[in-house]
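One structure is given below, encoded as structure tokens.
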Amino acid sequence: MKRLILIALILGPWTLRAQSQPQLQSLTLDQVIARALARNQSLRLDRLQARSTVSQAKAARAIILPSVDLSFSGNYAGAFPAETTNYGDLTWADRYALNLSVSQNLYDGGRWWNTLKAAEVSTALAGLTLDQSRINTVYLAKQAYYAFLNIKNLLDVYQENLKSAKKQHDLARERFLVGAASSNDTLRTRVGVARARLQII
């Protein structure tokens, strides 16, 4: 069922355009594959998933890097000297502090190693999923393209059958007019024309 839906989505608009524009050239297999790769929503989601997994793997590598903290603080305060009562002799003291701390985790029981391996496996799995999705898309596009060509060739055959049935009917009518054929012959050829039209429909 999914294949039929994909075939309809890929080839449906092109067949409608081909019917409305008789001089439109048919698409090549490479063009069909390129459009399928560009428009397949599942493939887009797999691409985004692969990018997300790569970003998460890069973030996981940060656990082996040292942690650096830098802080700066400053304050000032005024005070009156103890030996004077003149309130104009206020003295000021400024204090500044700069703190830098560097920490490095040397061993945590192998947790960071397992985290990095899990990120590496997730990245490889996302890449394989993306490749498989691309292969499936190309396969389904080829299948839809060849199915379309098969239907197109069958339609050509049915149209030729219709032309042949009409010629036989015209010939039977001419023979009937000159008395060389019966009315049953003309009815039989008319049924053949109707069957040929039904095949096209």
Side-chain angles (χ1 to χ4, degrees), residues 1-57 119-201:
M1 184 67 181
K2 290 182 179 178
R3 291 182 179 177
L4 293 176
I5 293 173
L6 182 63
I7 289 172
L9 289 176
I10 292 176
L11 297 179
W14 301 334
T15 54
L16 290 176
R17 285 182 202 155
Q19 291 174 357
S20 61
Q21 301 175 5
Q23 300 181 7
L24 181 65
Q25 297 293 331
S26 60
L27 295 172
T28 64
L29 178 60
D30 292 337
Q31 291 172 334
V32 171
I33 292 174
R35 292 193 182 193
L37 291 174
R39 297 179 181 179
N40 190 348
Q41 294 298 325
S42 298
L43 189 58
R44 289 182 183 179
L45 290 176
D46 289 338
R47 284 195 192 105
L48 292 176
Q49 182 64 35
R51 292 177 187 172
S52 174
T53 305
V54 170
S55 299
Q56 291 174 0
E120 182 181 344
V121 170
S122 297
T123 303
L125 180 60
L128 289 175
T129 303
L130 179 60
D131 291 340
Q132 186 63 41
S133 181
R134 188 180 292 113
I135 290 171
N136 290 340
T137 302
V138 171
Y139 172 76
L140 291 175
K142 287 182 178 180
Q143 188 179 34
Y145 180 76
Y146 290 131
F148 174 74
L149 289 182
N150 186 28
I151 293 172
K152 185 179 178 183
N153 291 335
L154 281 176
L155 182 61
D156 294 339
V157 171
Y158 291 154
Q159 287 175 346
E160 289 298 324
N161 287 342
L162 179 60
K163 289 180 182 178
S164 176
K166 285 181 178 179
K167 287 181 180 179
Q168 288 179 359
H169 180 61
D170 293 339
L171 181 60
R173 286 180 61 191
E174 290 177 3
R175 293 180 64 198
F176 175 73
L177 292 176
V178 297
S182 65
S183 60
N184 288 338
D185 294 334
T186 59
L187 291 175
R188 195 178 300 114
T189 55
R190 183 180 294 178
V191 170
V193 172
R195 284 179 181 170
R197 284 178 179 163
L198 285 176
Q199 284 180 335
I200 294 177
I201 294 173

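A side-chain donor-acceptor contact under 3.5 Å links Arg44 to the backbone of Ala38. With Ser164 contributing its side chain and Glu160 its backbone, the two residues share no donor-acceptor pair below 3.5 Å. Using a distance-only test at 3.5 Å, with no hydrogens or angles considered, a donor-acceptor pair links the side chain of Asn153 to the main chain of Leu149.
The shortest non-hydrogen separation linking Ala126 to Thr53 is CB-OG1, 3.7 Å. The shortest non-hydrogen separation linking His169 to Val193 is CB-CG2, 3.9 Å. Shortest non-hydrogen contact noted between Ser133 and Leu43 is OG-CD1, 3.5 Å. In terms of heavy atoms, Thr137 sits closest to Ala36 at CG2-O, 3.7 Å.
Atoms OG1 and CG, from Thr123 and Leu128 in turn, are 11.0 Å apart once rounded to the nearest 0.5 Å. To the nearest 0.5 Å, the span separating CD1 on Ile151 from CG on Asp156 amounts to 12.0 Å. For the atom pair CG of Asp46 and CZ of Arg134, the computed distance is 9.5 Å after rounding to the nearest 0.5 Å. For the atom pair CZ of Phe148 and CG of Leu29, the computed distance is 12.5 Å after rounding to the nearest 0.5 Å.
No side-chain heavy atom of Arg188 sits under 4.5 Å from any side-chain heavy atom of Val191.
Under the salt bridge (charged side-chain N to carboxylate O under 4.0 Å, His left out) criterion, Arg190 pairs with no residue at all, not counting sequence neighbours. With sequence neighbours excluded, no residue forms a salt bridge (charged side-chain N to carboxylate O under 4.0 Å, His left out) with Arg197.
Residues Asp170 and Lys167 are not paired through a salt bridge, judged by the lack of any N-O separation under 4.0 Å between the basic side chain and the carboxylate.
Applying the side-chain contact (heavy atoms from CB on, under 4.5 Å) test between Gln143 and each of Tyr145, Tyr146, Tyr139 identifies Tyr139 as the sole match.
Residue Arg47 qualifies as enclosed at atom CZ: its count of foreign heavy atoms under 6.0 Å is above 12.
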### Query
Hey, mind stepping through Gln168 and Leu171 against side-chain contact (heavy atoms from CB on, under 4.5 Å) and telling me if it holds?
CA-CA 5 Å; Gln168 288 179 359; Leu171 181 60; 5.6 Å; no

